[in-house]
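For the single chain, residues carry numbers from 1 onward in sequence order.
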Amino acid sequence: MKNPTHYIKGKYEHWDVVIDWGLDYFCGCATKYIARHRHKGTPVKDIEKAIHYLEKYLQYLKAEEIRNLSEENESVMIKTRGVPPNLPF
C-alpha cells in the first residue's frame, strides 16, 4: 500500500515515530495531525483535530488522576480502620 505524501515528509514516516516514541493512541493521533498540517492543505482543520485529541486525552488523564486519588484514600482509610492518619489519639 502506498502512503499519501502528506504522511511522508522528512526522514521518518509518522507511524515509525509513534512506535519509536512509544506514543499512545491519543498522542499518536495528535502528532499525526500536527505533522501533516502544512502538507495536506487544511492546516487549521488539522490543528483543530490535534487539539481535539489532546483535549480528550487530558479528560482521560484527569479522570485517571481522580480515580487514583480515590483509591489511595480508600486504602488509607482501610489501613487506619476509618481513622484519618496523623491524629493525636
Side-chain angles (χ1 to χ4, degrees):
M1 177 191 310
K2 189 171 183 175
N3 292 329
T5 58
H6 56 266
Y7 289 119
I8 307 170
K9 294 292 180 188
K11 296 180 184 179
Y12 310 102
E13 287 193 55
H14 179 260
W15 57 27
D16 294 327
V17 171
V18 170
I19 291 168
D20 186 59
W21 292 0
L23 298 180
D24 57 44
Y25 174 76
F26 293 107
C27 292
C29 288
T31 58
K32 171 182 75 174
Y33 288 111
I34 292 167
R36 77 178 200 185
H37 84 279
R38 291 188 180 163
H39 307 290
K40 191 176 176 209
T42 55
V44 172
K45 186 175 180 180
D46 285 337
I47 293 299
E48 288 173 342
K49 287 180 181 180
I51 290 169
H52 174 74
Y53 278 99
L54 291 173
E55 286 175 337
K56 187 66 175 175
Y57 187 48
L58 185 58
Q59 288 175 357
Y60 168 79
L61 290 175
K62 287 179 177 181
E64 186 70 16
E65 191 174 78
I66 290 169
R67 275 193 297 277
N68 290 339
L69 288 174
S70 178
E71 289 173 7
E72 287 175 20
N73 288 338
E74 185 177 320
S75 176
V76 167
M77 294 301 279
I78 290 170
K79 289 178 186 174
T80 61
R81 296 186 177 134
V83 178
N86 300 325
L87 290 180
F89 52 88

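- Each salt bridge (charged side-chain N to carboxylate O under 4.0 Å, His left out) pair with one or both residues in residues 46-57, not counting sequence neighbours, appears once here: Arg36-Asp46.
- Hydrophobic cluster membership differs between Leu58 and Tyr25, with clusters built from Ile, Leu, Val, Met, Phe, Trp and Tyr side chains linked at under 4.5 angstrom.
- Note: Trp15 CH2 to Lys32 NZ = 11.0 Å, rounded to the nearest 0.5 Å.
- With respect to the salt-bridge test (charged N to carboxylate O, under 4.0 angstrom), the residues Arg67 and Glu64 qualify.
- Rounding to the nearest 0.5 angstrom, the gap separating the OG atom in Ser70 from the CD atom in Glu65 is 12.5 Å.
- Residues His14 and Gly28 come closest through the heavy atom pair CE1-O, 3.0 Å.
- In plain terms, the two heavy atoms of Ala30 and Ala50 that are nearest each other are O-CB, 3.5 Å.
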Task: side-chain contact (heavy atoms from CB on, under 4.5 Å) evaluation trace for Ile51 with Ile47 - done: CA-CA 6 Å; Ile51 290 169; Ile47 293 299; 3.9 Å; yes

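- For the atom pair His37 NE2 and Lys45 NZ, the distance stands at 15.5 Å (nearest 0.5 Å).
- The distance from atom CH2 of Trp21 to atom OG1 of Thr31, rounded to the nearest 0.5 Å, is 7.0 Å.
- The structure places CD1 of Ile34 at 9.0 Å from SG of Cys27, a figure rounded to the nearest 0.5 Å.
- Of the inter-residue distances, the one linking Phe26 atom CZ with Leu61 atom CG reads 9.0 Å to the nearest 0.5 angstrom.
- Under 3.5 Å, the side chains of Asp24 and Tyr57 contain a donor-acceptor pair of N or O atoms.
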